[in-house]
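Each chain gets a letter, A, B and so on, in the order the sequences are listed, and its residues count up from 1.
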Amino acid sequence: MLRIYNTLARDKQDFKPIEANKVRMYVCGMTVYDYCHLGHARVMVVFDMVYRWLKASGYDVNYVRNITDIDDKIIKRAAENRESIHTLTQRFIDAMHQDADALGVQRPDHEPRATQFVPQMLEMIAQLEKNGLAYLAADGDVNYAVRKFDGYGKLSGKSLEDLRAGERVEVASDKNDPLDFVLWKHAKDSEAEEVKWDSKWGKGRPGWHIECSAMGSELLGKHFDIHGGGADLQFPHHENEIAQSEGAHQCQYVNYWMHNGFVRVDNEKMSKSLGNFFTIREVLKKYDAEVVRFFILRAHYRSPLNYSDQHLDDAKGALTRLYTALKGVPSPTSGRGIEGEGVVDWNAPYAQRFKSAMDDDLNTPEAVAVLFDLANEANRSQSEQAAAQLKALAGVLGLLQRDAQEFLQGGSSDGGMDDSAISAQIEARIAAKKAKNFAEADRIRKELLEAGVVLEDTAQGTSWRRA
RNA sequence: GGUGCGAUAGCAAAGCGGUUAUGCCCCGGAUUGCAAAUCCGGUUAGCCCAGUUCGACUCUGGGUCGCACCUCCA
């Protein structure tokens, strides 16, 4: 049975779906005004892994990951670029998809954009107003009256008193309570028509938190199973979502809240405000996308993950070991089902270990350790079956699905020797070896090594890979 | 200041009240013309102080340090 660490309970709990065999899951996605960085990569990969594991466990999953395409930063960036917000957001949505695809992230079932759900948001705000939880402030904004909602703070474990004590910012004057947050922002004259929607409170645009509440309930219902996102969204974003959804619908919003840990650089959170971030595409210039995915899944999703070249190099070496064990195993026949689906015999010992690791709060480091044990088994026994099992299990994590040779020999584009030049050198070396001219053979091997090519002589002949 | 999380070998990273985590690195052996890859074996752990226990890296208490949230952030 799957157990999930539920932020709401601060503990691991048995996962029981609301509807038998079905899981409804929502994850907070990106605000699209810039390229995704490694922190975004982690959310996408982590919840992709959760999505895959739920499906592999036999659930029919409805996975929603939203796109925030209206927001202060988007408006600002569009103005700086002198382009429409639509042009700007579309460009970065496309870029996000490219990055996600590269990392082997499956598309969610729905990727709703905030701008397409404004009517639902307005409806929800009206309901909150009706329930006495929202009010129109003097400045024209509609705010949420935090004090009126009983359970405020239950997710983040904060009390209103604690929050007040820690206030660091000058309070916006027109709020009844400093902790109240905006549901509807009134339009300013200076703003483009593109960012204004009509409402009964006047022209304006939605606040950030209401997006997720409205899109979540529209696509998944008022009460759904899993809601995920980065740990930094726990407060205030997710706390506010609960206040909105439960305040409007008068029922439980989400059963399991999952939060992934941060990516760090030099032990500090990678973030836009600190400016210490690396974009996905930047990293992919230097490292294979699967190495990056493996690097992420090798750590537990709730633990901090330090980024450095050394760690990526290490991940690359480890992944190389797995692929080496797979040499000669054909790629899965394409065309049907999920990668690895139908191939895994879950009663086999390694598969059982893998499953219990994954069922224990998605313990991918443990699951990956099983992969290495299986690689050892495959190498030792030279069993094609073991290798096939390795590939199938790894497939559940979205790993090891490429042809081993392609992975091991890939990366020629960045200035290395091309494949035909390598083949020519290998032929020359074989000739030298036949003539017992080992000095020449070793010279060629050394030359290739300096070009980043490692040779391996086997009974079947000489193979090579890139270091 | 409030709240929460963490501290495991050279690096990274898990489980577990007693029995090999795992990967990279390092050392020895097998294999190889020599290598590489692979296999076999080995070295290097559990922040500090108390307590519980026959026995603690694992449980409890205290301390120290680190990180995060309390402001937009995945």
Side-chain angles (χ1 to χ4, degrees), chain A residues 7 10 27-31 36-47 65 68 71-73 153 156-159 161-170 179 208 228-237 239 259-264 267-274 277 294-295 298-300 302-306 308 310-322 324-325 327 353 356-357 360 363-373 375-376 378-382 408 433 436-439 441-442 445-446 448-449 453-459 462-465 467:
Chain A
T7 307
R10 275 159 222 302
V27 170
C28 290
M30 260 54 73
T31 300
C36 293
H37 64 228
L38 238 33
H40 300 118
R42 192 176 191 189
V43 195
M44 290 196 284
V45 168
V46 159
F47 286 100
R65 189 185 62 210
T68 298
D71 144 278
D72 288 353
K73 277 171 291 198
S156 53
K158 297 175 190 300
S159 72
E161 286 63 38
D162 293 344
L163 288 165
R164 288 201 133 168
E167 268 162 33
R168 293 195 218 151
V169 191
E170 281 298 303
L179 293 164
W208 176 42
D232 45 359
L233 298 184
Q234 191 178 322
F235 189 90
H237 183 55
E239 195 70 64
H259 293 98
N260 66 274
F262 300 128
V263 176
R264 294 183 183 175
N267 241 29
E268 269 192 328
K269 175 185 175 182
M270 178 182 289
S271 76
K272 296 233 161 153
S273 31
L274 288 170
F277 61 90
F294 179 77
F295 167 69
R298 205 178 177 216
H300 186 83
R302 285 190 284 119
S303 302
L305 179 61
N306 262 305
S308 74
Q310 191 208 327
H311 297 153
L312 265 291
D313 288 339
D314 189 75
K316 181 186 177 182
L319 190 59
T320 298
R321 174 170 165 79
L322 292 178
T324 301
K327 272 206 262 185
R353 276 179 60 204
S356 53
D360 181 16
N363 191 340
T364 54
E366 185 70 28
V368 166
V370 174
L371 260 30
F372 281 101
D373 287 345
N376 176 259
N379 285 330
R380 192 178 29 193
S381 66
Q382 286 300 301
L408 295 168
K433 284 208 322 177
K436 303 275 183 198
N437 186 352
F438 294 121
D442 290 352
R445 186 171 62 199
K446 197 176 169 208
L448 285 169
L449 186 62
V453 174
V454 180
L455 296 188
E456 292 169 12
D457 292 337
T458 71
T462 299
S463 67
W464 62 276
R465 65 186 164 87

Is [X] touching bases, backbone alone, or none of the nucleic acid, heavy atoms closer than 4.0 Å?
X: A:Ala318; result: sugar-phosphate
X: A:Asp314; result: base
X: A:Val263; result: base
X: A:Gly29; result: sugar-phosphate
X: A:Lys158; result: base
X: A:Phe235; result: sugar-phosphate
X: A:Met270; result: base
X: A:Thr458; result: nothing
X: A:Leu455; result: base
X: A:Gly39; result: base
X: A:Lys436; result: nothing
X: A:Asp373; result: sugar-phosphate

Does [X] have a side-chain nitrogen or oxygen under 4.0 Å from the phosphate oxygens OP1 or OP2 of [N]?
X: A:Thr320; N: B:rC24; result: no
X: A:Asn376; N: B:rG23; result: no
X: A:Trp464; N: B:rA37; result: no
X: A:Lys269; N: B:rC69; result: yes
X: A:Arg321; N: B:rU38; result: yes
X: A:Arg298; N: B:rG23; result: no
X: A:Arg380; N: B:rC40; result: yes
X: A:Asn267; N: B:rC67; result: no

Rounded to whole Å, how long is the line connecting atom [atom1] of [X] with atom [atom2] of [N]?
X: A:Leu305; N: B:rG66; atom1: CG; atom2: P; answer: 21 Å
X: A:His259; N: B:rA68; atom1: NE2; atom2: C1'; answer: 13 Å
X: A:Leu449; N: B:rA37; atom1: CG; atom2: P; answer: 10 Å
X: A:His237; N: B:rC70; atom1: NE2; atom2: P; answer: 13 Å
X: A:Arg264; N: B:rG66; atom1: CZ; atom2: C1'; answer: 7 Å
X: A:Lys327; N: B:rC39; atom1: NZ; atom2: P; answer: 13 Å
X: A:Leu448; N: B:rA37; atom1: CG; atom2: C1'; answer: 16 Å
X: A:Glu268; N: B:rG6; atom1: CD; atom2: P; answer: 21 Å

Report the base-pairing partner of [N] (Watson-Crick or G-U wobble, both distances below 3.5 angstrom), or none.
N: B:rG15; value: none
N: B:rA74; value: none
N: B:rU32; value: none
N: B:rC65; value: B:rG6
N: B:rC59; value: B:rG51
N: B:rG46; value: none
N: B:rA37; value: none
N: B:rU20; value: none

**OP:** In whole angstrom, give me the gap between the P atoms of B:rA35 and B:rC27.
**Re:**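 After rounding to an integer number of Å, I get 14 Å for this pair.
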Subject >> First of A:Glu456 and A:Ala441 reached from the 5' end of RNA chain B, by closest nucleotide >> reply: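 Counting from the 5' end, the first nearest nucleotide belongs to A:Ala441.
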Original post:
Relative to the 5' end of RNA chain B, which residue comes earlier, A:Ser271 or A:Asp442, by the nucleotide with the nearest heavy atom?
Top reply: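 In this pair, the answer is A:Asp442.
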Original post:
Would A:His311 and A:Ser308 count as having a side-chain donor-acceptor pair, cut-off 3.5 Å?
Top reply: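 Their side chains do contain a donor-acceptor pair, which is all the 3.5 Å distance test asks for.
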Subject >> Sole residue of A:Leu319, A:Asn379, A:Leu408 in side-chain contact (heavy atoms from CB on, under 4.5 Å) with A:Thr324 >> reply: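 The option that passes is A:Leu408.
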Subject >> Sub-4.5 Å side-chain heavy-atom contact between A:Lys158 and A:Phe235 >> reply: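 A:Lys158 reaches A:Phe235 side chain to side chain.
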Original post:
With the threshold set at 4.0 Å, does a side-chain nitrogen-carboxylate oxygen contact exist between A:Asp313 and A:Lys316?
Top reply: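 No, this pair does not count.
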**OP:** Anything under 30° is parallel, anything over 60° is perpendicular, the rest tilted; go ahead and classify A:Phe372 against A:Phe294.
**Re:**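 If you compare the ring of A:Phe372 with that of A:Phe294, the planes turn out perpendicular.
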Original post:
Would you find a donor on one side and an acceptor on the other, under 3.5 Å apart, between the side chain of A:Thr7 and the backbone of A:Ser156?
Top reply: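 Looks like no, no N/O pair under 3.5 Å.
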Subject >> Shortest non-hydrogen contact between A:Ala318 and A:Arg298, atoms and distance >> reply: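 Smallest interatomic distance, heavy atoms only, reads CB-NH2, 4.0 Å.
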Original post:
Among the nucleotides B:rA37, B:rC73, B:rA14, which one has an atom lying closest to any side-chain atom of A:Arg465?
Top reply: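 Within the option list, the nearest is B:rA37.
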Subject >> Selection from B:rA36, B:rC73, B:rG33 that lies nearest to any side-chain heavy atom of A:Val454 >> reply: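 Among B:rA36, B:rC73, B:rG33, the one nearest the side chain of A:Val454 is B:rA36.
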Subject >> Stacking of A:Phe262 on B:rA68 base (centres under 5.5 Å, planes under 30°) >> reply: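 The ring of A:Phe262 is not stacked on B:rA68.
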